[in-house]
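Computed from heavy atoms alone, side chains included, the values below leave out hydrogens, waters and symmetry copies. It should be emphasised that the depicted structure is a prediction, and the values quoted were computed from it without experimental measurement.
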Amino acid sequence: MRARPRPPWLPVTATAAPSTRPADEIPSDTRRLVLTRAGGRCESCAGDLDISRYSLHHRRPKGMGGSRAADLHSPANLLVLCGRGNADGCHGHVHGHPIAARDAGMLVRRAADPARVPVLIHGARLVLLAIDGTYAEEAR
């Protein structure tokens, strides 16, 4: 994949300021649970995951107050999506189309409990994401 060109509005000398936030890593045991739950497939489109081009997506985005939430890295708040970062694959689609993503449960509102908001998995199955890293069928 070709690197994106520098936007014309960005000065050539501009550099990102160093972050003063501590690294916000997903614990390895949680990462394993969520990746196992996904079974090697994107939880949105069901496409095979390329080990170097997937993301663990926070359903309650960290920028919406999620970074202080106790369930930030809960398996109920995480989805395995194809695409690296917020710009490509299903991860890019979620961030590029937040209203549709919220309707599908891929994004949740700040006040919502991710474990109680159903999500459309593989475009066909509405489930709840359990804190033990499994799917729970949504009560009808």
Side-chain angles (χ1 to χ4, degrees):
M1 183 174 198
R2 221 173 76 212
R4 290 187 173 180
R6 182 183 56 77
W9 51 263
L10 183 66
V12 175
T13 58
T15 58
S19 175
T20 57
R21 290 182 81 171
D24 200 13
E25 286 296 314
I26 296 168
S28 59
D29 57 336
T30 302
R31 179 179 293 275
R32 275 191 301 276
L33 276 175
V34 175
L35 288 168
T36 299
R37 178 185 70 203
R41 298 198 172 276
C42 172
E43 290 184 292
S44 177
C45 72
D48 289 336
L49 288 178
D50 176 343
I51 195 68
S52 66
R53 303 217 32 93
Y54 78 90
S55 297
L56 293 184
H57 164 69
H58 290 85
R59 296 173 66 205
R60 181 188 304 123
K62 293 185 281 185
M64 290 176 55
S67 59
R68 290 184 297 276
D71 61 357
L72 172 65
H73 296 315
S74 164
N77 191 42
L78 296 170
L79 285 170
V80 179
L81 299 177
C82 62
R84 195 80 180 129
N86 295 347
D88 65 349
C90 287
H91 200 196
H93 292 310
V94 166
H95 288 280
H97 305 280
I99 294 170
R102 192 173 305 116
D103 290 346
M106 302 279 170
L107 289 174
V108 298
R109 295 186 185 278
R110 183 184 329 198
D113 176 357
R116 294 177 180 235
V117 177
V119 60
L120 189 63
I121 297 297
H122 304 151
R125 190 171 146 211
L126 202 56
V127 299
L128 295 171
L129 302 180
I131 59 171
D132 66 359
T134 61
Y135 299 128
E137 296 299 327
E138 183 194 17
R140 304 239 178 225

Query - Spacing of NE2 belonging to His58 relative to CG belonging to Leu78, to within rounding of 0.5 Å - result: 5.0 Å
Report task. Under the side chain to side chain contact (heavy atoms under 4.5 Å, CB included) rule, what do Arg37 and Leu129 come out as? Steps first, then yes or no, please. Result -> CA-CA 10 Å; Arg37 178 185 70 203; Leu129 302 180; 3.9 Å; yes
Query raised in the report: Quick one: CG on Leu79 to CD1 on Ile121, what's the gap to the nearest 0.5 Å?
Result: 5.5 Å
Query raised in the report: Would a 4.5 Å heavy-atom cut-off, applied to side chains only, mark Thr30 and Pro75 as touching?
Result: yes
Requested in this report: Step by step, work out the side chain to side chain contact (heavy atoms under 4.5 Å, CB included) result for Leu35 and Arg32.
Outcome: CA-CA 5 Å; Leu35 288 168; Arg32 275 191 301 276; 5.9 Å; no
Query raised in the report: Are more than 12 heavy atoms from other residues, nucleotides or ligands located less than 6.0 Å from atom CD1 of Ile131?
Result: no
**Report entry** Cys82 and Cys45, any side-chain heavy atoms less than 4.5 Å apart
**Finding:** yes
Query - Interatomic spacing from CG in Asp29 to NE2 in His73 - rounded to 0.5 Å - result: 11.5 Å
Report task. State, yes or no, whether a side-chain contact exists between Val117 and Arg109 at a heavy-atom distance under 4.5 Å. Result -> no
**Report entry** Shared hydrophobic cluster for Leu33 and Leu128 (ILVMFWY, side-chain gaps under 4.5 Å)
**Finding:** no
Query raised in the report: Between atom CZ of Arg41 and atom NE2 of His122, what is the distance when rounded to the nearest 0.5 Å?
Result: 7.5 Å
Report task. Group every Ile, Leu, Val, Met, Phe, Trp and Tyr by side-chain heavy-atom contacts under 4.5 Å, then state whether Leu49 and Leu56 land in the same group. Result -> yes
Requested in this report: May I ask you to check whether over 12 heavy atoms, not counting those of Arg31, lie within 6.0 Å of atom CZ?
Outcome: yes
Report task. Taking ring pair (Phe, Tyr, Trp, His ring centres under 6.0 Å) as the test, write out the residues that go with His93, two or more places apart. Result -> none
Query raised in the report: For Ala112, does its backbone N or O pair with a side-chain atom of Arg60 as donor and acceptor, under 3.5 Å?
Result: yes
Query raised in the report: For the atom pair CG (Asp71) and CZ (Arg59), what is the distance rounded to the nearest 0.5 Å?
Result: 10.0 Å
Requested in this report: Grab the two heavy atoms, one from Val119 and one from Gly105, that are nearest each other, plus how far apart they are.
Outcome: CG2-O, 3.5 Å
Report task. Establish, from distance only, whether the side-chain atoms of Tyr54 and Glu43 form a donor-acceptor pair under 3.5 Å. Result -> no
Query - Minimum heavy-atom distance Asn77-Pro114, with the two atoms named - result: OD1-CG, 3.5 Å
**Report entry** Residues that Thr134 engages under side-chain hydrogen bond (donor to acceptor under 3.5 Å, both in side chains), provided they are two or more places apart
**Finding:** Asp132
Report task. Not counting sequence neighbours, list each pair that qualifies as a ring pair (Phe, Tyr, Trp, His ring centres under 6.0 Å) and has a residue in residues 95-119. Result -> His57-His95, His91-His95
Report summary line: dist Leu81:CG -> Cys42:SG (nearest 0.5 Å) comes out at 5.0 Å
